[in-house]
Amino acid sequence: EVQLVESGGGLVQAGGSLRLSCAASGFSIDDSAIGWFRQAPGKEREAVSCISNTDGSTYYADSVKGRFTMSSDIRKNMVYLQMNSLKPEDTAVYYCALDPRGRWSERTDSRIYWYWGPGTQVTVSS
């Protein structure tokens, strides 16, 4: 059974940092695409960052470029999202998602991801 579990969320003041982790089990993330998505109350789920474990390519939404960094550790089957200079508008539930086919061209489309974690809450106070 494939499982994804996020951790590292919490409450932080604006300008602070958090590091989210996503632990995958039941499937090797090698050659997959992993996405971090977020959903704020009343808003649609949006792609924040994606990584291709085939060639290491990364994607960042314009709203987080220069502040967030995504990385993966294939040996540990882990994915991370380092979030710096957090803003109140970053408040959301953050999800990691796995596309085992590694379809990079559609990386921001949530529909291509087969597996999702339950999410972790990130709250940034002003």
Side-chain angles (χ1 to χ4, degrees):
E1 180 185 6
V2 178
Q3 286 191 325
L4 300 175
V5 179
E6 306 93 341
S7 61
L11 173 64
V12 64
Q13 287 189 330
S17 298
L18 285 173
R19 188 193 194 207
L20 303 184
S21 298
C22 175
S25 61
F27 187 87
S28 172
I29 65 173
D30 199 9
D31 290 331
S32 69
I34 306 283
W36 281 101
F37 289 77
R38 68 185 180 188
Q39 188 165 21
K43 294 188 176 181
E44 292 188 355
R45 189 171 297 189
E46 63 172 343
V48 175
S49 180
C50 308
I51 192 166
S52 167
N53 289 316
T54 300
D55 62 9
S57 298
T58 53
Y59 159 87
Y60 296 97
D62 287 343
S63 58
V64 307
K65 273 181 187 175
R67 301 188 297 121
F68 290 11
T69 303
M70 185 173 181
S71 61
S72 61
D73 187 331
I74 302 299
R75 291 177 301 172
K76 293 183 178 180
N77 234 28
M78 295 283 295
V79 177
Y80 307 97
L81 185 67
Q82 178 67 42
M83 306 187 296
N84 298 328
S85 302
L86 283 161
K87 304 175 180 180
E89 51 263 44
D90 294 318
T91 295
V93 178
Y94 284 71
Y95 303 88
C96 68
L98 168 70
D99 172 21
R101 301 159 297 177
R103 295 169 58 180
W104 190 240
S105 62
E106 300 165 78
R107 56 193 175 274
T108 62
D109 186 346
S110 62
R111 295 171 296 179
I112 73 165
Y113 292 89
W114 289 11
Y115 304 104
W116 291 78
T120 185
Q121 176 70 47
V122 171
T123 303
V124 185
S125 63
S126 56

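Between R101 and D31 no salt bridge is recorded (no basic side-chain N to carboxylate O distance below 4.0 Å). One finds a salt bridge joining D90 and R38 here, because a Lys/Arg side-chain nitrogen approaches an Asp/Glu carboxylate oxygen to under 4.0 Å.
Going from atom NZ of K65 over to atom OG1 of T58 covers 9.5 Å, rounded to the nearest 0.5 Å. Here the CG atom belonging to L18 is positioned 9.5 Å from the CG atom belonging to N84, to the nearest 0.5 angstrom. Rounding to the nearest 0.5 Å gives a distance of 9.5 Å between CD1 of I34 and SG of C50.
Heavy atoms only, all atoms of each residue included: S126 and A14 are closest at CA-CB, 4.3 Å. In plain terms, the two heavy atoms of P118 and L4 that are nearest each other are CD-O, 3.3 Å. Minimum heavy-atom separation, S21 to W36: O-CH2, 3.7 Å. Between P100 and L98, the closest heavy-atom pair is CD-O, 3.6 Å.
A side-chain N or O of D55 and one of S57 form a donor-acceptor pair less than 3.5 Å apart.
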side-chain contact (heavy atoms from CB on, under 4.5 Å) between E6 and L20, intermediate numbers included: CA-CA 7 Å; E6 306 93 341; L20 303 184; over 6 Å; no
CA sep, side-chain torsions, deciding dist, call: Q121, T123, side chain to side chain donor-acceptor pair (under 3.5 Å): CA-CA 6 Å; Q121 176 70 47; T123 303; 3.3 Å; yes
Check against side-chain contact (heavy atoms from CB on, under 4.5 Å), F68 and L86: CA-CA 9 Å; F68 290 11; L86 283 161; 3.8 Å; yes
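Put simply, the side chain of D99 never gets that close to the backbone of S32: no donor and acceptor are under 3.5 Å apart.
The aromatic rings of Y95 and W116 sit perpendicular to each other, their planes meeting at more than 60°, with 30° as the lower class boundary. Using bins of under 30°, 30° to 60° and over 60° for the plane-to-plane angle, the ring pair Y113/F37 lands in the perpendicular bin.
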